[in-house]
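We count ligands from 1, going down the list as the structure has it; atoms in each ligand are counted the same way. Throughout, residue positions are numbered sequentially from 1 according to the sequence presented.
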Amino acid sequence: MNKQQVTVVSHPLVQHKLTLMRMESTQTSDFRRLLREVSMLLAYEVTRDLPLVLNEIKTPIQSMMAPLIEKKITLVSILRAGNGLLEGMLELLPWAKVGHIGLYRDPQTLTPVEYYFKMPPDMPQRDVIVVDPMLATGNSAAAALSRLKTQKPLSIKFVCLIASPEGVDLLTSEHPDVPIYTAGIDERLNEHGYIVPGLGDAGDRIYGTL
Ligand code: URA
């Protein structure tokens, strides 16, 4: 694992809310609210190095040069659980455009197959933040990043809630240029590809389809 490429967001608010999300007893409505709150906190961390441009503005008192973000940001959700992380991020980055990538795992080959891909038209001028709550095997995330790179964005960052060591290893080896932001790296994957201890199936817990 290339540790320099991975940021574990250890802020107490993030860790507290993640623990509540992990609990089996946490119901769908609370899980969704917590995910929205954590995603805002992760958005704060992943945008920390955005450059600022001084603009002349007028306060009610006088003119001044004041900093603004002028970067074109695209948030890319890996369907369907990615949409749960998207909401809170969009609240902090309301000017961002949104892309979606849909992948399913072929039951025979176990490789990811694309069923949906829709991006804003001007991707070569855009910085991308890819969101998917669970970085498990890393296969879907790695395939999504490869597909995204065909659009030649300026930069790509990957944000998840929980990562497995296996997923981090795969993503950092296949995409060493993509920094990963996560609230935690758990112990391992189980034989079904779930993160242990994890929080279960993120999509099911967001949408109540357990
Ligand atoms: N996807 C999930 O939603 N949870 C896991 O633990 C692994 C993959």
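Side chains of Ser155 and Asp127: a donor-acceptor N/O pair is present below 3.5 angstrom, by distance only.
Remark: ligand 1 atoms within the under-4.0 Å shell around heavy atoms of Ala136 are 7 (C), 8 (C). Close approach of ligand 1 to Gly193 (heavy-atom distance below 4.0 Å) involves ligand atoms 7 (C). Within ligand 1, counting atoms from 1 as listed, the ones closer than 4.0 Å to a heavy atom of Ile195 are 5 (C), 6 (O), 7 (C). Close contacts of ligand 1 with Asp201, meaning ligand atoms under 4.0 Å from a residue heavy atom, involve 2 (C), 3 (O), 4 (N).
When only interatomic distances are considered, the shortest N/O to N/O separation between Ala202 and ligand 1 falls below 3.5 Å. In terms of polar-atom proximity, Gly200 is counted as a contact of ligand 1, with an N or O under 3.5 Å from an N or O of the ligand.
Nearest to atom 5 (C) of ligand 1 among the protein's heavy atoms is Tyr194 CD2, 3.4 Å. Remark: minimum distance from atom 1 (N) of ligand 1 to any protein heavy atom is reached at Met134 CB, 3.8 Å.
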Give the intermediate values and the outcome of side-chain hydrogen bond (donor to acceptor under 3.5 Å, both in side chains) for residues Thr150 and Arg147. CA-CA 6 Å; Thr150 65; Arg147 178 67 169 92; 3.2 Å; yes
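Inter-residue side-chain proximity for Leu86 and Val98 is flagged as met; some heavy-atom pair is nearer than 4.5 Å. Taking 4.5 Å as the limit, some side-chain heavy atom of Leu161 sits within range of a side-chain heavy atom of Leu35. Between Tyr207 and Thr28, every side-chain heavy-atom pair lies at or beyond the 4.5 Å cut-off.
Checking side-chain atoms of Gln15 against main-chain N and O of Gly184 turns up no donor-acceptor pair under 3.5 Å.
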